[in-house]
Amino acid sequence: MTHATHPQNSHTFNIQTRTPDIYDCLIIGGSFAGLSAALQLARGQRQVLILDAGETRNRFAEASHGFFTLDGVSPAEVRQRALEPLLAYPTVSLRQTRVTAARKSEEGFVLQSDDGQEVKGRTLILATGVADQLPDIPGLKERWGKSVIHCPYCHGYELRGQPIAVLAGSAHSAMQAAMLPDWGPTTYFTQGDFEPDDDLLPVLIRRGVVIERTPIVAIEGEGDAVSAVRLADGRRIAVGAVYVAPQTQIAQALVEQLGLATEEAPTGLMISADAMRQTSVPGVFAAGDTAMPMHNATLASASGVMAGVAAHRYLIFNQ
C-alpha cells in the first residue's frame with residue numbers, strides 16, 4: 001500500500017549454477033509481504049523465486065512510517081535493506097519481470113512473464129499488492145503520497161496540526177473523517193454522494209468535524225504541498241493535507257486465471273484467504289494488501305511471514 005528501484009545493471013539475483021526445473025515456491029511481488037514470505041522459506045532451505053515488476057504501491061512516498069525499527073526510512077531503502085540478507089541465502093533468487101499469465105499444472109503452477117520465460121513452482125504466493133484508482137481531480141495525482149495521502153498512521157504525524165480535508169470516495173470515508181481530528185482540524189467533503197450514516201454523524205459532530213457538501217473540484221498549492229481546495233461554487237478552503245481513500249484494484253487477470261475466490265473489501269475486491277493465507281486453490285497463498293481489508297506495511301509483512309510458513313507446511317505434507 002503495490003516496487004522500489006533494483007540495483008543498477010541487475011536483472012536476476014543469486015543466479016544458481018543450475019536453475020531448478022521446478023521451484024518449491026514462486027512469489028509474485030517483491031515488497032513487504034513478498035520478501036517476508038521469502039525469508040521464511042529461505043530459512044526452511046526451500047528453492048524460492050521472487051518475480052517483481054518494480055511498481056510497488058508505496059513508490060510515491062518519501063518515507064515509510066510505523067514499521068518497527070525502520071520508522072521514517074524510505075520504502076526503497078527498506079526494501080534494499082531486506083534484500084541484502086535475503087539474497088545471501090543460496091536458495092533465493094529475484095527476477096525483475098512482470099508476470100502476465102498463471103496456470104495450474106500437474107506439478108503445481110506455471111507462470112509466464114513479459115520476457116517470454118516460463119517458470120514452474122510447487123506452491124505460489126501472490127503478494128502483488130493493489131493499484132490505487134485515484135479520483136480524477138486536478139492537482140491530486142501529482143501530490144499523491146506526499147500531501148495527498150490515505151493513512152494517518154503512515155503519514156499523518158508529519159502533517160499534524162494543519163487543517164485537513166477528507167475527500168469522500170466511498171461510504172468508508174466518513175469513518176476516516178472521524179479518526180482525523182486527532183491529527184488536525186478536519187473538514188469532511190461528501191462530494192455530494194457520501195453522507196455520513198446515522199451512527200457516524202453524531203461522532204463527527206462530537207469530534208468537531210465540519211461537513212461540507214459542495215464538491216472539491218481542484219487541489220491547489222506550490223510543488224508537492226497543498227495549500228487549499230477549490231470547490232464547485234468557486235470558494236477556496238485552506239488546508240494542509242488531503243486524505244482520500246481510493247478504490248483499489250488487485251491483479252484481476254491472474255486471479256481469474258487461477259480461479260481464486262474474491263470478496264468485497266472497503267476499497268474494492270480482495271483475494272479471499274484464511275488465517276494461514278491459504279486461498280480457495282490449494283497451494284496458492286495470498287499476502288499483503290491484495291488479500292487484506294486493512295493496508296499497512298507492518299500488517300503486510302506479518303501476513304507475508306504467515307504465507308511463507310504456510311507454504312512451507314504445505315510442501316511438507318504434499319510432496
Side-chain angles (χ1 to χ4, degrees), residues 1-5 27-43 48 50 52 55-87 92 94 125-132 144-146 149-160 172 175-176 179-180 182-183 241 243-246 248 250-251 265-268 270-279 285-312:
M1 184 165 87
T2 316
H3 297 48
T5 303
I27 300 176
I28 308 177
S31 190
F32 288 85
L35 299 184
S36 296
L39 183 58
Q40 312 313 308
L41 289 156
R43 295 190 59 77
V48 180
I50 307 161
D52 182 49
E55 295 177 352
T56 56
R57 185 187 191 188
N58 58 21
R59 66 190 183 276
F60 301 103
E62 295 179 355
S64 174
H65 293 283
F67 197 91
F68 192 58
T69 76
L70 293 172
D71 186 60
V73 179
S74 74
E77 186 175 346
V78 171
R79 185 177 182 279
Q80 190 58 39
R81 289 189 192 183
L83 279 173
E84 289 172 4
L86 176 61
L87 295 177
V92 180
L94 171 66
I125 296 176
L126 294 181
T128 53
V130 295
D132 292 300
W144 177 238
K146 300 172 179 67
I149 54 181
H150 79 288
C151 173
Y153 300 107
C154 301
H155 307 292
Y157 187 84
E158 285 65 39
L159 297 171
R160 67 192 182 281
H172 180 69
M175 176 61 77
Q176 188 180 44
M179 296 171 57
L180 285 166
D182 286 351
W183 284 268
Y243 282 81
V244 58
T248 55
I250 60 176
T267 60
M270 70 178 190
I271 300 172
S272 299
D274 65 15
M276 294 295 290
R277 315 318 303 159
Q278 170 67 63
T279 69
F285 304 85
D289 292 356
T290 195
M292 295 165 48
M294 293 182 65
H295 300 163
N296 173 279
T298 304
L299 296 176
S301 180
S303 73
V305 170
M306 186 62 76
V309 170
H312 190 210

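Here, residue 1 is the first one in the sequence, and each next residue gets the next number. This one's a predicted model, so the numbers in the text were calculated from it and none came from an experiment.
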May I ask you to decide if T298's main-chain N or O and S301's side chain share a donor-acceptor pair within less than 3.5 Å?
-> no
Kindly indicate whether the side chain of L35, heavy atoms from C-beta on, has any atom under 4.5 Å from the side chain of L83.
-> yes
Tightest non-hydrogen contact, residues P266 and P293, listed as CD-CB, 4.0 Å
Note: S64 and P75 closest approach over all heavy atoms is N-CD, 3.9 Å
Please tell me if the side chains of I50 and L86 come closer than 4.5 Å, counting only heavy atoms from C-beta onward.
-> yes
Residue pair L41, I125: steps toward the side-chain contact (heavy atoms from CB on, under 4.5 Å) verdict | CA-CA 11 Å; L41 289 156; I125 296 176; 4.1 Å; yes
Indicate yes or no for a side-chain donor-acceptor contact from T290 to the backbone of A127 under 3.5 Å, with no hydrogens or angles considered.
-> no
Considering all heavy atoms, the nearest L70-R81 contact = CD2-NH1, 3.1 Å
Crowded around M179 CE? As in, over 12 foreign heavy atoms under 6.0 Å?
-> yes
One should read off an interatomic distance between H155 NE2 and Y243 OH, to the nearest 0.5 angstrom, of 9.0 Å
Shortest non-hydrogen contact from A38 toward V48 | CB-CG1, 4.2 Å
Atom pair CD (E55) and OG (S31), whose distance is rounded to the nearest 0.5 Å | 12.5 Å
Name all residues meeting the ring pair (Phe, Tyr, Trp, His ring centres under 6.0 Å) criterion together with Y157; count only those two or more places apart in sequence or in a different chain, and write none if there are none.
-> none
Hey, does M292 have a side-chain heavy atom less than 4.5 Å from the side chain of R277?
-> yes
Between the NE2 atom in H295 and the SG atom in C154, the distance rounded to the nearest 0.5 Å is 11.0 Å
Residues forming a side chain to side chain contact (heavy atoms under 4.5 Å, CB included) with M276, sequence neighbours excluded = D274, M306, A310, R313
Qualifying residue for side-chain hydrogen bond (donor to acceptor under 3.5 Å, both in side chains) with T267, from T248, D289, D132 = T248
Are any non-hydrogen side-chain atoms of P152 and L180 less than 4.5 angstrom apart?
-> yes
Closest approach of M270 to A291 (non-hydrogen atoms, all atoms of both residues) = SD-C, 3.9 Å
Would you call the rings of H150 and W144 parallel, tilted or perpendicular, where under 30° means parallel and over 60° means perpendicular?
-> tilted
The reported gap from CZ in F285 to OG1 in T279 (rounded to nearest 0.5 angstrom) is 7.5 Å
L299 versus M294, closest heavy-atom pair with distance = CD1-CB, 4.1 Å
Would you call the rings of F67 and F32 parallel, tilted or perpendicular, where under 30° means parallel and over 60° means perpendicular?
-> tilted
